[in-house]
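I have placed the structure first, in the form of structure tokens, so that the comments after it can refer back to it.
Treat the numbers as computed from the prediction; the structure is a model and nothing was measured. Values reported hereafter were calculated over all heavy atoms of this structure, with side chains retained and with hydrogens, waters and symmetry mates removed.
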There are 2 protein chains.
Amino acid sequence: MNALLDFKKIEKISKALGDCYRLKIIEAIRKEQDWMQCGDIVDMLRLSQSTVSHHLKQLTDAELLIAERDGRKTRYMLNKDVFAGFAKFIQAYD
Amino acid sequence: MNALLDFKKIEKISKALGDCYRLKIIEAIRKEQDWMQCGDIVDMLRLSQSTVSHHLKQLTDAELLIAERDGRKTRYMLNKDVFAGFAKFIQAYD
DNA sequence: GCCTCTTATCGAAAATTATCGATAAATTCG
DNA sequence: CGAATTTATCGATAATTTTCGATAAGAGGC
């Protein structure tokens with residue numbers, strides 16, 4: 001069951017997706033089929049750790065990613081429910 | 001048949017949707033079932049005409065809207081194909 | 001407790017975007 | 001042609017976002 005998203009959330013999600021690095025991040029996590037941690041993404045992108053952390057925060061604030069702390073690392077994974085809800089919203093214009 | 005959208009276009013579309021006024025614009029056009037012109041939207045939003053024109057440009061540059069000049073007015077309508085393509089892209093993460 | 005590993009936060013600078021008023025451009029009407 | 005209507009563009013300013021280095025915070029291992 002995917003949640004109904006209000007306009008504020010749609011705006012936040014759209015903003016979060018409106019950056020090429022953040023698109024690369026979600027794409028990479030999808031390809032991993034599972035999860036990635038911050039350091040993996042720092043290695044992948046040519047950005048500092050603090051910048052990557054910032055991008056991950058945008059994505060988790062928009063609930064596109066779920067952050068799960070495990071020991072000293074944080075596992076980031078896709079929140080498929082929110083992607084589904086967002087897709088549904090977009091389809092209303094189609 | 002909806003087009004396949006590359007990352008650059010996805011980024012542009014997401015950016016275009018990442019603003020509450022632009023979301024209001026597409027929603028209003030959808031409700032009209034047809035099209036709206038710039039002046040209609042100026043009346044609807046509390047923004048200057050030049051700002052509305054700017055927002056409409058973002059949306060048409062992202063190809064979410066089709067601008068069709070008719071006499072001295074411009075008809076803005078939804079580009080359903082692009083919405084469909086965008087929805088399809090999002091669904092890949094679901 | 002101390003050292004290491006991993007991520008988050010802070011503060012500042014640079015880059016981008018939003019907003020406006022003024023003005024130009026395109027078109028219709030008289 | 002001149003006036004009116006509608007939209008686009010320009011230039012400037014304000015607001016937001018991105019980026020970084022430095023540093024803090026949390027957790028595991030010795």
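B:Tyr21 is connected to B:Leu56 through a chain of hydrophobic side-chain contacts under 4.5 Å among Ile, Leu, Val, Met, Phe, Trp and Tyr, so both are in one cluster.
For B:Gln49 and D:dA8, the shortest distance from a side-chain N or O to OP1 or OP2 is not below 4.0 Å. A sub-4.0 Å separation between OP1 or OP2 of D:dT17 and a side-chain N or O of A:Tyr21 is absent. An OP1 or OP2 oxygen of D:dA8 is reached within less than 4.0 angstrom by a side-chain nitrogen or oxygen of B:Ser53. The side chain of B:Thr74 contributes no N or O atom lying less than 4.0 Å from OP1 or OP2 of D:dT7.
For A:His54, the side-chain atoms get nearest to D:dT18 when compared with the rest of D:dT18, D:dT7, D:dT17.
Map A:Lys73 and A:Lys57 each onto its nearest nucleotide of DNA chain C; the residue landing nearer the 5' end is A:Lys73.
A 4.0 Å heavy-atom criterion places the boundary nucleotides of DNA chain C facing chain A at C:dT4 to C:dT9, written 5' to 3'.
Summarising the geometry of A:Met36 relative to A:Ile41, their closest heavy-atom pair is CE-CG1, 4.0 Å, with the distance given to 0.1 Å.
The main-chain N or O of A:Lys9 is found under 3.5 Å from a side-chain atom of A:Asp6 such that the two form a donor-acceptor pair. With hydrogens and angles disregarded, no donor-acceptor distance shorter than 3.5 Å links the side chain of B:Arg30 to the backbone of A:Tyr93. The closest donor-acceptor contact from the side chain of B:Asp40 to the backbone of B:Gln37 lies under 3.5 Å. The closest donor-acceptor contact from the side chain of A:Ser53 to the backbone of A:Gln49 lies at 3.5 Å or more, if one exists at all.
Rounded to an integer number of Å, the gap from NZ of A:Lys15 to C1' of D:dT18 is 14 Å. Taking atom CG of residue B:Leu56 and atom P of nucleotide D:dA8, one finds them 7 Å apart after rounding to whole Å. Per the geometry, CZ belonging to A:Arg75 stands 15 Å off C1' belonging to D:dA27, to the nearest Å. Rounded to a whole Å, the CG atom of B:Asp70 is 11 Å from the P atom of D:dT7. Between the CD atom of B:Glu11 and the P atom of D:dT18 there is a distance of 10 Å, rounded to whole Å. Look at CD on A:Glu68: it is 16 Å from C1' on D:dA27, rounded to the nearest Å.
Residues forming a salt bridge (Lys or Arg N to Asp or Glu O under 4.0 Å) with B:Lys12 (at least two apart in sequence, or on another chain): none. B:Gln91 meets the side chain to side chain contact (heavy atoms under 4.5 Å, CB included) test with A:Ala87, A:Gln91; sequence neighbours excluded.
With a 4.5 Å cut-off on side-chain heavy atoms, B:Lys15 and B:Gln58 do not count as touching. No side-chain heavy atom of B:Leu45 sits under 4.5 Å from any side-chain heavy atom of B:Val42. In this structure, the side chains of B:Ile25 and B:Tyr76 stay at 4.5 Å or more apart for every pair of heavy atoms.
A:Arg22 comes within contact range of the sugar-phosphate backbone alone, with a heavy-atom separation under 4.0 Å but no base atom that close. Counting any heavy atom pair closer than 4.0 Å across all strands shown, B:His55 reaches sugar-phosphate atoms only and no base atom.
Annotation: proximity of residues 40-47 of chain A to DNA chain D (heavy atom, distance under 4.0 Å) is found for A:Leu47, numbered in ascending order.
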Using side chain to side chain contact (heavy atoms under 4.5 Å, CB included), reason through B:Phe7 and A:Glu27 one step at a time and then give a plain yes or no.
CA-CA 10 Å; B:Phe7 260 49; A:Glu27 179 65 8; 3.8 Å; yes

Got a list of protein N/O to nucleotides 24-26 of chain D N/O distances below 3.5 Å?
none

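Under 3.5 Å, the side chain of A:Ser48 and the base of D:dG21 form no donor-acceptor pair of N or O atoms.
For the atom pair NZ of B:Lys24 and CG of B:Asp19, the computed distance is 9.5 Å after rounding to the nearest 0.5 Å.
Comparing the local axis fitted to the first five base pairs of the helix from C:dG1-D:dC30 to C:dG30-D:dC1 with the one fitted to its last five gives a bend of 20°, rounded to 10°.
The aromatic rings of A:Phe89 and A:Phe86 sit parallel, their planes meeting at an angle under 30°, below the 60° perpendicular limit.
Of the residues listed (A:Leu17, A:Leu78, A:Asn79), the one engaging A:Leu64 in a side-chain contact (heavy atoms from CB on, under 4.5 Å) is A:Leu17, and it is the only one.
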